[in-house]
Structure formats: C-alpha cells, structure tokens
Enquirer: 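What follows is a structure written as structure tokens; I'll ask about it next.
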Amino acid sequence: MWTRTSDIDRMFGAMDLLRSRLNRLTTDDNRFYGRSPGWSATDGSPRTNFYDNGNQLELKAEVPGMSKEDLTIQIQGNYLEVSGTRKSDAPEGYKVHRTERETASFTRSFTLPSEVNVDKIDASLQNGILSLTLPKAEAAKPKQVSIA
Amino acid sequence: MSETTNITTKEKTVPERSREIPVIAPVVDIFENDDEMLLYADMPGVAKEDITVNIDNGELLISGVRRLPPSGTATREEFGDVEYRRIFSVHQTIDVEKVNAELKDGVLTLHLPKSEASKPRQIEIH
C-alpha cells in the first residue's frame, strides 16, 4: 500500500505543499533581496516587455512614479527611444528611514523588428506601466498567400 | 481480502493548487516626522482593487497582485505576473483608524499617523 511509488509521490507532494504554505506564513522581507524587485536605474533602464501581435507591436515598460510629463518617446524609422526622469518623493522635514526607490533618469532604445506606421502609434500610462501600441506598416504585415 | 485494498481513494489532481506566481518584496521609501510615518512602495501594474493593506498586532502587511493582460507572442519579456508583498513592524503608537492609503502611477503611498498620546510634547515649567 504505502510501498507503491504513486503513494510515496503523493506523500512528498503533500509535504512540498505544506512547506510552501509555511514559507508563506513566515514571510521575511529579507529573503527577497538580490532579485532586484524594483524599478532600477543602475542597470540603465526600466524593465520592458515586447510583444508581436502580427499586425502590431506592443511595448510595456515598468515606470512607477512617473507621470506623462516625465516620459519622452521618440521614434525614427524603426528606431524607438524611451526616456524618462523619476523625481524624488522625499517630503520636506521628514526623517529618512529607508530609500530603496531610486531617482534617476534613463534612456532606452530599441530597434523595432519591422517598419511601423508612425502616425498611428498609441501610448498610454496606467498604474505605472507604459504601454505603446505600434501598428506595423502595410508592407510588414503578415499576408495570406492563396494557392493559385 | 486482498493485499492491495486502497485505504484512501486516489486523486488525480492535487486540490487547491492555483498557479503560483512569484512573490517579491517591493522597494520602499520610509519617512517619519513628528506626526506620521510615510511609506512609498513601487508596485507598477497593480490595480487599486488588487492591493491589500493590513495592520494587525504591530505588523503591517502590504500586498498587491499584478496580472498582465495577455498579449501576443512575447519577443522580449523582462517582467511578468507577480505578487508584491512585504511585512513591516509598526510601532504601537500608530493610529490604525486614521491610516490613509493611495495609489498613483503604480506607487502606493501610506500615511500612518501617530496617535496623539505618542507625539512629542513640550512641557512648560511653571
């Protein structure tokens, strides 16, 4: 009964589950350092995701604490440049306990994989995420080829 | 009775195991003056309704879950779904009733006012 491997697997599975539950209970904030969780300018730029939807390209970047006015987006051909400055939130007359959030400016440039329709680019900012939608130029869009 | 009677029924799936998302501690700034403690935490991409702020027994828990809407094929991916979670010890002098939280541009701001009794006070000599 217990000697069957599937039962042993299940037992270990239960133990793993218990361990992960216990880990969550004893969450210790020091455990997480070293993974650089925050926005960081030391390595040059905010973290960015790039997606290809066939007809359009999409860019998402983490820019917490930055408003529309703090960000500049420039495009020339298939060269895209995103730059921004993060201002300090430090209030006057307060004693400082921790400052982990960096204040700096960044510039990050990308070479787009295809030509885009520059006039139809849409940029939005929500909850500290910058989203750019870049529709591909007609010539770069996927086309169906029918067999003659 | 055969040797191989099952004591328990076998389950093919392990219940209650949702897709685990990584948990990371958000970076924070903490300031203090005579009236309050002030905390800023970076939580880009977390919506207001996905944020939990809990103060219990001298412990402040902030948690926010980010779920990115699905997009096309990712050609570059440097961030994903995540739970921002961090626990702080707060002094008993914090007036829990008056704690105020706001979220703007992916930054959570927490005002933790000190109770009247704990504020510094000038004592005059008569």
Side-chain angles (χ1 to χ4, degrees), chain A residues 1-2 4 6-7 10 13-14 17 20 24 27-33 35-40 46-67 70 88-102 110 113 125-130, chain B residues 3-8 10-11 14 16-17 20 22-48 50 61 63-64 66 68-80 82 84-88 103-109:
Chain A
M1 289 171 275
W2 278 108
R4 294 220 313 256
S6 61
D7 283 334
R10 274 183 59 211
L17 197 64
S20 69
R24 287 187 77 136
T27 309
D28 178 340
D29 57 6
N30 290 322
R31 277 196 305 140
F32 301 112
Y33 292 116
R35 282 191 62 189
S36 179
W39 181 79
S40 144
R47 279 191 288 246
T48 308
N49 288 356
F50 236 111
Y51 305 96
D52 190 331
N53 285 348
N55 285 330
Q56 59 188 29
L57 301 169
E58 253 183 272
L59 176 147
K60 285 189 201 296
E62 285 185 332
V63 288
M66 282 181 250
S67 61
D70 300 328
S88 170
D89 286 324
E92 288 282 315
Y94 280 67
K95 200 167 75 181
V96 177
H97 285 287
R98 268 174 201 268
T99 44
E100 297 166 0
R101 300 162 65 234
E102 292 180 57
F110 305 91
L125 189 62
Q126 201 194 9
N127 290 329
I129 301 266
L130 170 72
Chain B
E3 280 279 307
T4 53
T5 315
N6 284 340
I7 296 173
T8 54
K10 206 170 290 175
E11 294 152 52
V14 182
E16 267 193 85
R17 182 177 259 181
E20 301 232 340
V23 179
I24 56 174
V27 287
V28 296
D29 285 356
I30 301 174
F31 304 100
E32 179 182 359
N33 72 0
D34 289 347
D35 299 318
E36 62 168 7
M37 302 280 290
L38 181 58
L39 183 147
Y40 294 105
D42 280 354
M43 295 185 170
V46 181
K48 205 174 90 183
D50 295 328
L61 166 80
S63 159
R66 168 172 77 196
L68 298 171
S71 289
T73 320
T75 49
R76 176 206 292 272
E77 198 156 48
E78 295 170 353
F79 64 96
V82 79
Y84 289 105
R85 173 195 277 260
R86 198 157 168 182
I87 296 172
F88 304 90
L103 182 71
K104 188 178 177 283
D105 293 335
V107 179
L108 175 73
T109 308

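The shown structure was predicted, so the numbers you read here are calculated from the model rather than taken from an experiment. Residue numbering restarts at 1 for every chain, and letters A, B, ... go by the order of the sequence lines.
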Enquirer: Do you know the tightest heavy-atom contact between A/Pro64 and B/Gly106?
Expert: CB-O, 3.9 Å

Enquirer: So which residue, B/Ile30, B/Leu39, B/Leu38, B/Val107, ends up with the most heavy-atom pairs under 4.5 Å with chain A?
Expert: B/Ile30

Enquirer: What distance do B/Phe88 atom CZ and A/Arg98 atom CZ have between them, rounded to the nearest 0.5 Å?
Expert: 7.0 Å

Enquirer: Taking the side chain as everything from C-beta on, heavy atoms only, tell me whether B/Glu78 gets closer than 4.5 Å to A/Phe50.
Expert: no

Enquirer: Go through A/Thr48, A/Asn53, A/Ile129 and name the one with the most non-hydrogen pairs under 4.5 angstrom from chain B.
Expert: A/Thr48

Enquirer: Which bit of B/Met43 comes within less than 4.5 Å of chain A, counting heavy atoms only: side chain, backbone, both or neither?
Expert: backbone

Enquirer: Excluding sequence neighbours, so at least two apart, what forms salt bridge (Lys or Arg N to Asp or Glu O under 4.0 Å) with B/Asp105?
Expert: none

Enquirer: Between A/Ala61 and chain B, with a heavy-atom cut-off of 4.5 Å, which part of the residue counts as in contact: side chain, backbone, both or neither?
Expert: backbone

Enquirer: Is there a donor-acceptor pair under 3.5 Å between the side chain of B/Asn33 and the backbone N or O of A/Gly93?
Expert: no

Enquirer: If you look at every heavy atom in A/Thr99 and B/Asp29, which pair is closest and at what distance?
Expert: CA-OD1, 3.1 Å

Enquirer: Work out which heavy atom in A/Asn127 is nearest to a heavy atom in B/Leu103; give both atom names and the distance.
Expert: OD1-CD2, 4.2 Å

Enquirer: Could you check whether any side-chain heavy atom of A/Asp89 comes within less than 4.5 Å of a side-chain heavy atom of B/Thr109, counting everything from C-beta outward?
Expert: no

Enquirer: Measuring from atom NZ of A/Lys95 to atom CZ of B/Phe31, what distance do you get when rounded to the nearest 0.5 angstrom?
Expert: 13.0 Å

Enquirer: By a 4.5 Å heavy-atom criterion (distance strictly below it), what part of B/Leu61 contacts chain A: side chain, backbone, both, or neither?
Expert: neither

Enquirer: Answer yes or no: is there a donor N or O on one side and an acceptor on the other, between the side chain of A/Glu100 and the main chain of B/Val28, under 3.5 Å?
Expert: yes

Enquirer: Between A/Asn49 and B/Phe79, is there a donor-acceptor pair closer than 3.5 Å when you use the side chain of the first and the backbone of the second?
Expert: yes

